Amino acid sequence: MKVINLLGATGSIGRQVLDIVADNPAFKIGAIAVGKNIDLTRNIIQVHQPSLVSVLEADDAIKLEQEFPRTVFVYGEEGLLQASTYGKNAILVNAVVGMVGLKPTIAAIKNRQTILLANKETLVVAGEIINKLVKEYQTTLLPIDSEHNAIFQCLIGRKKEEVKKIVITASGGAFRNKTRDQLAFVKKEDALQHPNWSMGAKITIDSATMVNKGLEVMEAHYLFDLPYEQITTVLHPESIVHSMVEWRDGSVSALLSQPDMRLPIQFALYYPKNSNPPYQHCLDWTASRELHFQPMDLNRYPLLNLAYHVGKEGGILPAVYNASNEEAVSLFLENKISFLDIENIIVHAVGNAKNKKNPTIDDIMDSSQAIRNEIKQTYLRERMYI
Ligand code: NDP
Ligand code: MG
């Protein structure tokens with residue numbers, strides 16, 4: 001039986017992890033961490049009976065303690081760290097959103113736990129440090145993100161030296177059929193309508209701006225130790241091909257499935273053995289099906305272009321890109337800025353940043369916080385950069 005510590009249990013990925021492990025004797029939930037969704041947390045405690053629960057606010061911990069006297073409640077940043085490293089030999093599923101996932105990942109690596117990573121921001125902001133630590137502590141980091149999980153599966157039994165390039169597919173997000181001019185008038189409600197996937201708010205906006213693909217390019221760089229020249233993207237509106245590996249001879253391996261995050265989650269949970277997966281969701285091969293691929297237009301999606309730039313430059317720049325995006329998306333979700341302001345904010349933040357090579361975790365945390373504060377204040381002073 002595998003014991004799981006699940007961060008972000010109330011989120012889109014977290015809930016799907018819980019679906020897979022419910023009534024499944026192969027798994028048990030050891031600890032969970034959540035933010036502010038206390039109603040759903042009550043539900044999860046009743047069904048999965050974790051021994052430890054971390055919430056964001058102290059008040060919520062006190063309230064829940066009275067309702068569930070047999071459960072340990074902790075809170076805040078310290079609580080998140082306790083939940084990630086709770087118990088002996090638990091695996092960590094990191095499905096919180098944003099770079100708040102970084103420190104718990106590091107704590108779990110140092111505790112020699114296997115980590116199933118949905119939280120891509122961790123690798124974007126501190127990929128080099130994470131990779132060094134994974135080596136030093138001899139732990140395993142498995143990707144849940146569907147594209148990276150697909151590439152991981154394609155690479156099984158093959159060598160990195162055989163790879164010509166990896167091809168990350170992108171659905172194009174909510175606005176894939178709009179011109180850049182039309183983007184000036186789009187609303188939050190429209191941006192939250194992803195054509196193929198039902199996901200948390202932040203990643204859904206990231207898909208519409210193509211920042212998600214930018215983050216994924218950097219995530220792939222660190223996960224598979226490939227230079228940016230060997231990482232490419234292609235538009236694939238059906239989200240059936242989850243990504244591809246092109247080998248040196250020109251042949252291509254791809255992973256196809258329904259767009260259903262339970263499949264990569266289940267694969268990672270059972271890895272390395274998955275001979276009789278309880279959850280199945282098959283493609284119907286008796287029906288006709290068309291799959292389309294279009295070259296990525298980096299002028300249409302400048303934030304993907306910028307991601308390649310900050311990725312290649314390295315240092316603190318990926319963290320600047322990520323922090324400015326986190327703050328911009330949060331302002332957009334509060335209806336405080338327009339959709340195109342997100343782009344303006346990120347371009348402005350990266351353009352003004354002084355790069356610092358080999359940043360420490362403190363450098364990354366401090367500069368991310370400083371950038372977020374500055375964007376918030378600038379926004380309050382005058383309405384944006386346009
Ligand atoms: P959601 O917004 O649906 O869920 C986020 C989770 O994180 C919630 O449980 C939330 O708690 C919790 N959370 C947020 N802030 C904190 C905090 N400070 N402390 C503790 N918990 C916190 O996000 P998703 O599930 O969509 O995404 C999670 C991660 O997985 C992201 O990094 C995303 O990029 C990645 N990912 C997601 C995919 C998807 O299909 N959704 C696909 C591939 C990757 P609460 O709700 O209780 O406040
Ligand atoms: Mg993805």
Side-chain angles (χ1 to χ4, degrees), residues 5-19 31-45 53-58 60-61 64 74-84 93-105 115-125 142-152 168-173 192 194 196-207 209-220 223 233 236 239 241-243 255 258-265 268 322 325-326 329-330 333:
N5 295 341
L6 173 61
L7 311 185
T10 44
S12 160
I13 292 286
R15 293 192 307 266
Q16 295 180 83
V17 170
L18 292 172
D19 278 356
I32 61 167
V34 303
K36 293 183 177 170
N37 189 343
I38 301 306
D39 285 342
L40 182 54
T41 302
R42 281 193 183 91
N43 237 315
I44 296 172
I45 296 171
V53 175
S54 172
V55 293
L56 199 55
E57 311 284 353
D60 288 329
L64 288 168
V74 291
Y75 63 90
E77 197 185 311
E78 185 51 37
L80 202 54
L81 295 177
Q82 278 178 260
S84 64
V93 179
N94 189 343
V96 285
V97 61
M99 67 172 291
V100 66
L102 173 59
K103 284 190 172 173
T105 306
I115 295 158
L116 277 49
L117 194 68
N119 178 264
K120 61 191 82 179
E121 294 90 346
T122 286
L123 279 177
V124 170
V125 301
L142 295 169
I144 284 184
D145 207 349
S146 58
E147 296 78 359
H148 306 75
N149 190 275
I151 294 164
F152 182 88
I168 301 178
T169 52
S171 70
L192 285 172
H194 195 284
N196 304 345
W197 300 92
S198 164
M199 311 183 283
K202 191 227 171 211
I203 186 176
T204 307
I205 304 301
D206 288 351
S207 298
T209 57
M210 211 48 93
V211 163
N212 184 47
K213 223 36 62 179
L215 299 177
E216 289 184 352
V217 164
M218 291 186 257
E219 185 186 8
L223 275 172
T233 60
H236 168 51
S239 296
V241 174
H242 295 296
S243 275
L255 186 97
Q258 296 281 7
D260 180 342
M261 285 308 296
R262 287 173 181 81
L263 295 170
I265 289 169
N322 179 71
N325 179 56
E326 286 192 26
V329 171
S330 138
L333 289 171

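Start at 1 and go down the list; that is how both ligands and their atoms are numbered. What you see below is based on every heavy atom in this structure, not just the backbone, and it leaves out hydrogens, waters and symmetry mates. Worth saying up front: this structure is predicted, and the values here are computed from it rather than measured. Note that the numbering runs from 1 along the sequence shown for the chain.
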> Out of Val100, Val55, Val34, which one pairs with Leu80 under the side-chain contact (heavy atoms from CB on, under 4.5 Å) rule?
Replying inline: Val100
> Under the criterion side-chain contact (heavy atoms from CB on, under 4.5 Å), which of Thr122, Leu116, Ile13 is the partner of Asn94?
Replying inline: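 Considering Thr122, Leu116, Ile13, a side-chain contact (heavy atoms from CB on, under 4.5 Å) with Asn94 is found only for Thr122.
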For the residue pair [X] and [Y], establish whether any side-chain heavy-atom pair is separated by less than 4.5 Å.
{"X": "Glu57", "Y": "Ile38", "value": "no"}
{"X": "His236", "Y": "His242", "value": "no"}
{"X": "Met261", "Y": "Ser12", "value": "no"}
{"X": "Asp19", "Y": "Arg15", "value": "no"}
{"X": "Leu102", "Y": "Glu121", "value": "no"}

> Is it true that atom CD of Glu77 has more than 12 heavy atoms of other residues, nucleotides or ligands lying nearer than 6.0 Å?
Replying inline: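 No, the 6.0 Å shell around CD holds no more than 12 heavy atoms from other groups.
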> Any chance CZ of Phe152 has more than 12 other-residue heavy atoms, nucleotides or ligands included, within less than 6.0 Å?
Replying inline: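 Atom CZ in Phe152 is packed in, count exceeds 12.
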Hey, is [X] touching ligand 1 through its side chain, its backbone, both or neither, going by heavy atoms under 4.0 Å?
{"X": "Thr10", "value": "both"}
{"X": "Met261", "value": "side chain"}
{"X": "Leu215", "value": "neither"}
{"X": "Val96", "value": "both"}
{"X": "Lys120", "value": "both"}
{"X": "Ala95", "value": "backbone"}

Looking only at protein heavy atoms, which one is nearest to [atom], and how far off is it?
{"atom": "atom 33 (C) of ligand 1", "answer": "Ile203 CD1, 3.9 Å"}
{"atom": "atom 20 (C) of ligand 1", "answer": "Val34 O, 3.3 Å"}
{"atom": "atom 19 (N) of ligand 1", "answer": "Leu56 CD1, 3.6 Å"}
{"atom": "atom 14 (C) of ligand 1", "answer": "Val97 CG1, 4.0 Å"}
{"atom": "atom 32 (O) of ligand 1", "answer": "Glu121 OE1, 2.7 Å"}
{"atom": "atom 38 (C) of ligand 1", "answer": "Ile13 CD1, 3.5 Å"}
{"atom": "atom 48 (O) of ligand 1", "answer": "Lys36 N, 2.8 Å"}
{"atom": "atom 35 (C) of ligand 1", "answer": "Ala118 O, 3.2 Å"}

>> Any protein heavy-atom neighbour for atom 3 (O) of ligand 1 (distance below 4.0 angstrom)?
In response: yes
> Any sub-3.5 Å donor-acceptor pair from Asn5's side-chain atoms to Ser84's backbone N or O?
Replying inline: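 It does hold such a pair.
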>> Given 3.5 Å as the limit, does a donor-acceptor pair link the side chain of Thr233 with the main chain of Ile168, or not?
In response: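 Not confirmed, Thr233 side chain does not pair with Ile168 backbone.
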Can you list the atoms of ligand 1 that are under 4.0 Å from a heavy atom of [X]?
{"X": "Asp145", "value": "43 (C), 44 (C)"}
{"X": "Asn119", "value": "32 (O)"}
{"X": "Val100", "value": "18 (N)"}

As a test of reading the structure, name the N/O/S atom of [X] that is nearest the Mg ion (ligand 2).
{"X": "Asp145", "result": "OD1"}
{"X": "Glu147", "result": "OE1"}
{"X": "Glu216", "result": "OE2"}

> Considering Gly200, Gly79, Ala9, which one's heavy-atom position lies nearest to atom 26 (O) of ligand 1?
Replying inline: Gly200
>> Please compare Gly35, Gly101, Pro259, Gly8 and report which has the shortest non-hydrogen distance to atom 11 (O) of ligand 1.
In response: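 The residue whose heavy atom sits nearest atom 11 (O) of ligand 1 is Gly35.
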> Under 3.5 Å, N or O to N or O, is Ser146 touching ligand 1 that way?
Replying inline: no
If you measure from [atom1] on [X] to [atom2] on [Y], what distance do you get to the nearest 0.5 Å?
{"X": "Leu18", "Y": "Ile44", "atom1": "CG", "atom2": "CD1", "answer": "5.0 Å"}
{"X": "Ile115", "Y": "Ile144", "atom1": "CD1", "atom2": "CD1", "answer": "11.5 Å"}
{"X": "Glu219", "Y": "His148", "atom1": "CD", "atom2": "NE2", "answer": "3.5 Å"}

